[in-house]
Number of protein chains: 2
Amino acid sequence: MNLKELSKQLGLSQTTVSRAINGYPEVSLATRNRVQDAARKFGYSPNVRAKGLATGRSLAIGHVVSVSQTHEMMNPVFGDFIAGAGDVYARHGYEMILSVVYDNTEEEVYRNHKRRGTVDGVIVHGPLIQEPRIDLLNELGLPYAVHGRSSGHSGPYTWLDVNNRSSFRRATSFLLDLGHQRLGLINGLEAMDFAARRRDGFEDAHKDHALALDPALLYSGEMTEGYGYRAASEMLSMDTPPTGFLISSMISAIGARRAIEERGLKMGRDVSIVTHDDALSYLENGSSVPIFTAVRSSVRDAGRQLAEMLIAKVSGTETQIKTALLEAQLVVGNSTGPMRPPLRKTHT
Amino acid sequence: MNLKELSKQLGLSQTTVSRAINGYPEVSLATRNRVQDAARKFGYSPNVRAKGLATGRSLAIGHVVSVSQTHEMMNPVFGDFIAGAGDVYARHGYEMILSVVYDNTEEEVYRNHKRRGTVDGVIVHGPLIQEPRIDLLNELGLPYAVHGRSSGHSGPYTWLDVNNRSSFRRATSFLLDLGHQRLGLINGLEAMDFAARRRDGFEDAHKDHALALDPALLYSGEMTEGYGYRAASEMLSMDTPPTGFLISSMISAIGARRAIEERGLKMGRDVSIVTHDDALSYLENGSSVPIFTAVRSSVRDAGRQLAEMLIAKVSGTETQIKTALLEAQLVVGNSTGPMRPPLRKTHT
DNA sequence: GCGTTAATTCAAAGCGCTTTGGTAAATGAT
DNA sequence: ATCATTTACCAAAGCGCTTTGAATTAACGC
């Protein structure tokens, strides 16, 4: 059933039917109801391509997920982010269009979106400190919203971010206050803006406590379980191993826990861990008491909020550039405890 | 730049330019090249909506991800699946359209896709034993391909599945052959087809070994880390606890490991685990020697293959109904070992 | 009762593409 | 040289919608 047929059924013009369906005022209440009832009855919905062609908009938002070339890694955070965003899109009648790129060719995807008019706007995931995508999108005139920020960019743009620096500063201070003096950082790739900020927070806290930090305890890599394991293992094998870790992801924290337990040590007693927790649905961090002490911020909520922001932008509801800075929650769980007398080096 | 402008530039008709771009034969090689060069030079790509409207196709494939209502869980497997599928779509010039539904209203999404012509076909994720979506899609005449199977369905349809039954039969036999006699199953929700098949495989192996299985050791739930932990904890607290577990997901296996270690037991020595491993990118199961003995099958490859199958179908390349049954690999890691004398019940 | 305004409705153009049904020129067969 | 093909191109229709500009009717003021 298309508009033509429906209007024939109703004995009305296409114009009127179209207007009735889209809620324009210049149609009487009676006919509006009649039209809407009929649409429901015949199961009519406007063809999305025809509508898009006529309006020049696509009612779609693009996401491009870049699979890291090094380890072909798909960021686990992505799933929950789109679970949040998708919900919002659906509510506003938008589609989500996902592109997967394997070799950092996101720019080509944006160019294509613009040229072919596939989407009305895009979400930028995982911004780097120096982020060429932002310049490109500005240049193209394709509306966008960034999940995170790019420190290398001064100009205003729409973004939503967790306050990574302050949350890692607080998390680090929490361990230092417990008496820990040597802390390891197991961070994400530090070309990424969020990771750089977390590192800054880590350093801030050391400065606050007038403590020097050992560069040998700064690890940065792709946040897999295995990376957490390897980084923690290496540090725990040092002559004076750290007594606490700050970790940028629950997945890596799980790996670090494995390294700790493999050595016969106990997490929370011998070695403390504070991790960032994105509140992923399949990694609930404990039911009553959290397994990991964590700075927590729901990435699904972030998805929801950022989607709202972008839709407001592309639909013209909001013309000002908005930003949002979320403060993470520091939740105390079983992975942290006070500093204990220095560990004897265990021979593995 | 649109077709009209481009053809004006070239002094050709829109017809010829369109044909040159789409590779139709009735245009001379000389003009074809001239057109394609010009298209590149001016950065022209056909508007996707206009093209869709004219051809009646959308060059898009729909995925609908259903966030479980119970725990608002986003299936972690999903990310890697679409990483595989998206790659294939891009190569074939298709878009991926993702819909998120929170309350199992997938059917409405399919109906909308059909009515509004948003997609040319859909991938069905996570089929149940009794799967109403398949009937609906047949009825709607919307092409589809199923990731998994639905036992309740006899009619032919396009699917790709891992041989879950045989892989769990082999995995279970592996433990039984090691002398284990009491095995726990930590399965996914058994309304889901894959989980039911895995349970069948678990039972098969017991029959093969002429062993009765204890219904108290059959757990089924949403495969989170926490669920793995709770299920394993409960079973390990029994008077005669199992000495081995079969687990349907690495995430739950990680939870089970936590339960084991919390009791001061050692995985692979005191308690064995065989898990299903979807080869998720951020959960690499060990580098040289796997952490977990596992039946492994890359869900990303599955995404690739199924995407190819569906595209062949919707593009009319392939008219026959194809299916694919993948055999999982049994990889032996550090989480399994021979049965040891019965455990003293440890008081926790 | 008549001009004016507001409330409804409509016909037709246009969005940017593909494709049908041609035509004109070039080629081939006889 | 003539007719039948083939080759290379084109004008125009149509995909299903929105929207402009106009027309009709109803309501209103005096």
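Chain naming here is simple, since letters A, B, ... match the order of the sequence lines and numbering starts at 1 in each.
- Atom-to-atom, CG of B:Asn22 to C1' of C:dG16 comes out at 13 Å; the value is rounded to the nearest Å.
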Quiz prompt | From CA spacing to verdict: side chain to side chain contact (heavy atoms under 4.5 Å, CB included), B:Leu160, B:Lys322 | solution = CA-CA 9 Å; B:Leu160 173 142; B:Lys322 295 264 179 182; over 6 Å; no
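- Contact annotation for B:Thr15: base contact, defined as any heavy-atom pair under 4.0 Å involving a base atom.
- At whole-Å resolution of the value, CG in A:Leu53 and P in C:dC15 are 9 Å apart.
- Atom CZ of A:Arg115 is separated from atom P of C:dC17 by 12 Å (rounded to the nearest Å).
- Taking the side chain as every heavy atom from C-beta outward, B:Glu308 and B:His92 approach each other to under 4.5 Å.
- Atom C1' of nucleotide D:dC10 and atom CG of B:Leu12 are separated by 10 Å, given to the nearest angstrom.
- Using cut-offs of 30° and 60° on the angle between ring planes, the pair A:Tyr89 and A:His63 is perpendicular.
- B:Ser315 is listed as a side-chain neighbour of B:Tyr94, based on a closest heavy-atom distance under 4.5 Å.
- In this structure, B:Leu10 atom CG and D:dA8 atom P are separated by 17 Å, rounded to whole Å.
- To the nearest angstrom, P of D:dT25 lies 19 Å from CD of A:Glu26.
- For the pair B:Pro25 and B:Thr55, both in contact range of DNA chain D, the more 5′-proximal nearest nucleotide belongs to B:Pro25.
- In this structure, of D:dC17, C:dT18, C:dT9, it is C:dT9 that holds the atom nearest to the side chain of A:Ser28.
- Taking a cutoff of 4.0 Å between a charged side-chain nitrogen and a carboxylate oxygen, A:Arg300 and A:Asp80 qualify as a salt bridge.
- Rounding to whole angstrom units, CZ of residue B:Arg49 and P of D:dG14 are separated by 24 Å.
- Where the helix from C:dG1-D:dC30 to C:dT30-D:dA1 starts and where it ends, the local axes point in directions that differ by 40°; five pairs per end, rounded to 10°.
- Proximity note for B:Ala54 (side chain, C-beta onward) versus C:dC10, C:dG16, D:dG16: the nearest is C:dG16.
- Within the structure, a side-chain polar atom (N or O) of A:Tyr24 is placed less than 4.0 Å from OP1 or OP2 of D:dT19.
- Each of B:Val122, B:Ile134, B:Thr323, B:Asp193 was evaluated against B:Val146; a single residue qualifies, B:Ile134, per the side-chain contact (heavy atoms from CB on, under 4.5 Å) test.
- Put simply, the side chain of B:Met96 does not reach to within 4.5 Å of the side chain of B:Ile61, judged on heavy atoms.
- In this structure, CZ of A:Arg116 is placed 12 Å from P of C:dT18, rounded to the nearest angstrom.
- Nearest-nucleotide positions on DNA chain C place A:Ser13 closer to the 5' end than the other of A:Ser13 and B:Met1.
- Residue A:Asn47 has no polar side-chain atom (N or O) positioned under 4.0 Å from OP1 or OP2 of D:dG16.
- Donor-acceptor pairing under 3.5 Å, judged by distance alone, is absent between the side chain of A:Thr31 and the base of C:dT8.
- Ion pairing between a basic and an acidic side chain is recognised when a charged N comes within 4.0 Å of a carboxylate O; A:Asp37 and A:Arg40 show such pairing.
- Along DNA chain D, the nucleotide nearest to B:Ala50 and the one nearest to B:Thr16 differ in position, and the one closer to the 5' end is contacted by B:Thr16.
- In the interface, the side chain of A:Ser18 is not paired with the base of D:dT19 through any donor and acceptor atom under 3.5 Å apart.
- Nearest-nucleotide assignment on DNA chain C puts the 5′-proximal partner with A:Arg32, out of A:Arg32 and B:Leu3.
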